[in-house]
Structure formats: structure tokens, C-alpha cells
2 protein chains.
Amino acid sequence: MRAFLNLSRALADQARVRALLALERRALCVCQITALLGLAPSTVSKHLSILHQAGLVETRKTGRWIYYSRPRAAAPMARQALAWARRSLTDHPRVAEDARRLQQILRCEPAKLCQRQDRS
Amino acid sequence: MRAFLNLSRALADQARVRALLALERRALCVCQITALLGLAPSTVSKHLSILHQAGLVETRKTGRWIYYSRPRAAAPMARQALAWARRSLTDHPRVAEDARRLQQILRCEPAKLCQRQDRS
DNA sequence: GAAGTATTTCGTTATTTGGCGAAATATAAA
DNA sequence: TTTATATTTCGCCAAATAACGAAATACTTC
């Protein structure tokens, strides 16, 4: 029950759902997700920790960046939650818009994300 | 997105999830759910209205009772949410305990629910 | 019509949540 | 070592949420 409520609460916020779906395609570091959502880094960090605690994302540390991604082996409950979210929202305009904007961000949002160096 | 968030928020509270799963087997009126959850009637009413607005339950009025039940034809998104909750929680001790207690309540919880008359 | 029961609505209160900025932490670059 | 960047933690505030009791509403029964 605790695990279920952690999942449903994690999915009960638009910013978290947007971040989660953005991570469906590829791993992203916090500053990329921050650029996508347009929220303060501390806020995004909090959102991501909630997704992480629910088991909906996993983290990998690379240099001074922390990449969030879909978990390699999620619990069935989390996988089902993710499948539900994906099926429910892939056609949603906001999500499609995010996918497009994310391409631009990945093409190196000028003056904001281009200080990076080696990031694989 | 609005619909999805209505669903995830509806599932993000333990009392609502317990009520929802209790309704899987049979329709129940508000006072029966109130007896099950042990909350104030006004609180239960509010919870049920949230489930209703999310499309997870439907209502049928019978005399002075209002029966809540699983919807006859729910939207795909709601059906999937319900399936997720059911699969995730049917084995949970709290839910099993609720199912047992509900049997007692239906056998007419003394002094509290026996004022009823014709209820089909 | 009066009284009683079931439910909802309203107003209040305590808690949680989501947001921010500042400070702390960690790593890389100069 | 100093500086810069990425991220998290902390403290604060505003808004949303869950709980209750009282009052309003709807329907039955007397």
C-alpha cells in the first residue's frame, strides 16, 4: 500500500509526469529537465527525488552530472504505473510539445547548458 | 492531462483507494463505506465525489440512499487505472481485512445501519 | 405536515505540498 | 588551491488537501 501510494502521489503532479515522460526516450540530467520544465533547480531536484523514491526512475552519476533515466528493472507495480501513464498521455499536446522542445534543449540550449564539456 | 491527474490524485489517498477496492465486489451506499473506513460521513462523501469526478465510480440513487459502484462503461484511462490498483493491492493485508469487515457490515452492523428498510 | 435518516455542502483547522532562493556539497577546470 | 558548475538540502511562504462538525437538502415514514 505504501508503495502504491508513493506511485500514485508521484504521478499526481503535472511537472513530475512531464519529467517522467521526457525520460522515456533517453536519460537526462537535472539541468536539462530544469530547462524543459522551466522551474527552479531545487524544485526539479525535489520532484525527481519523489519519482526516484517511488521507483519510477533511477540515477547514474557521471562526473558532476546526475542522469535520471527509466529504471532498468522496475518493480511490476512501477512498470504498470509507467505503462498506464505512457498510454494515457503520449498523444497529449503538452507531452508532444515537450518532446519537441527537448530536442532543442539537447541541441544545446545556448548560454544555459553549453558550459558542459565531456558529457557522454 | 487533466483527466490523468484527476485519476492519479484520486488514487493518491489511502481512504479513497480502500473505498474504491471495496466497490469492486458490489455497490455500497455512503453509510456502509463510512462504517468501513471509520471516517466522518462528510469526509467520506468528499472522497467519493473525488472518485466520481475522476470517473472511477458511478452513482445510483435508490430512495434516500445513494449507491456508489464501479462504472458500467468507464473511459479506457480510468479502466486502466482501476486495473492497476486492483492488481497492485488485492493481496494487501489492509484490503483483505477490509473485505472481511465489509461482510460483517453487510450482515447489518447493529445499532448503526439497521434503520434501513427496503434497500434492495 | 412533522419527524427521522442519508447525503452533501459549507466553514474551519491542521497538515501536506509545491514553489523559491540561499546555503551546503561534490566534482571538474583553471 | 581557487574558481566554476551541478545538484541537493534547508528554511520559508502560499496554496491545496484531509479532517471534522454544523447546517442544508432530499427523501420516507409516521
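Convention: sequence-line order gives letters A, B, ...; per-chain numbering from 1.
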J.: Below 4.0 angstrom, N of the basic side chain to O of the carboxylate: do B:Glu58 and B:Arg72 qualify?
T.: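 Answer for the salt bridge query: yes.
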
J.: For the side chain of B:Ser45, starting at C-beta, report the closest nucleotide among C:dT9, D:dT8, C:dG18.
T.: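 So the side chain of B:Ser45 is nearest to C:dT9.
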
J.: Applying the side-chain contact (heavy atoms from CB on, under 4.5 Å) criterion to B:Val57, which one of B:Arg70, B:His52, B:Arg16 satisfies it?
T.: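 For B:Val57, the side-chain contact (heavy atoms from CB on, under 4.5 Å) test succeeds with only one of B:Arg70, B:His52, B:Arg16, which is B:His52.
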
J.: For residues 80-101 of chain A, which residue pairs qualify under ring pair (Phe, Tyr, Trp, His ring centres under 6.0 Å), counting only residues two or more places apart or in two chains?
T.: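 As it turns out, the ring pair (Phe, Tyr, Trp, His ring centres under 6.0 Å) pairs with a partner in residues 80-101 of chain A, which skip direct neighbours, are A:Trp84-B:Phe4, A:Trp84-B:Trp84.
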
J.: Identify which nucleotide among C:dG19, D:dT7, D:dA18 has an atom closest to any side-chain atom of A:Cys31, counting heavy atoms from C-beta outward.
T.: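 So the side chain of A:Cys31 is nearest to D:dT7.
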
J.: Without decimals, in angstroms, what is the distance between B:Tyr67 OH and C:dT7 C1'?
T.: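 About 13 Å, once rounded to whole Å.
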
J.: Out of C:dG18, C:dA6, D:dA19, which nucleotide sits closest to the side chain of B:His47?
T.: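 Minimum distance to the B:His47 side chain belongs to D:dA19.
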
J.: Which of the following nucleotides, C:dG4, D:dA4, C:dC20, is nearest to the side chain of A:Arg64?
T.: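 The answer is D:dA4.
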
J.: Salt-bridged, B:Glu97 to B:Arg94, with N to O below 4.0 Å?
T.: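 A salt bridge is absent here (no side-chain N lies under 4.0 Å from a carboxylate O).
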
J.: Among C:dG18, D:dA18, D:dT17, which nucleotide has an atom closest to any side-chain atom of B:Asp13?
T.: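 Closest of the options to the side chain of B:Asp13: D:dA18.
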
J.: Just do the side chain to side chain contact (heavy atoms under 4.5 Å, CB included) check on B:Leu5 and A:Leu11 with the steps written out, would you?
T.: CA-CA 7 Å; B:Leu5 290 175; A:Leu11 296 176; over 6 Å; no

J.: Heavy atoms under 4.0 Å, any strand shown: does A:Lys61 hit a base, just sugar-phosphate, or nothing?
T.: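 Sugar-phosphate only.
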
J.: Between the side-chain atoms of B:Ser42 and the base atoms of D:dG21, is any donor-acceptor pair under 3.5 Å?
T.: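 Indeed there is one.
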
J.: Checking B:Gln14 now: which residues fulfil side-chain hydrogen bond (donor to acceptor under 3.5 Å, both in side chains) with it, not counting sequence neighbours?
T.: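 Not a single residue meets the side-chain hydrogen bond (donor to acceptor under 3.5 Å, both in side chains) criterion with B:Gln14.
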
J.: Below 4.0 angstrom, which residues in residues 20-28 of chain A have at least one non-hydrogen atom near DNA chain D?
T.: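 None, since no heavy atom is under 4.0 Å.
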
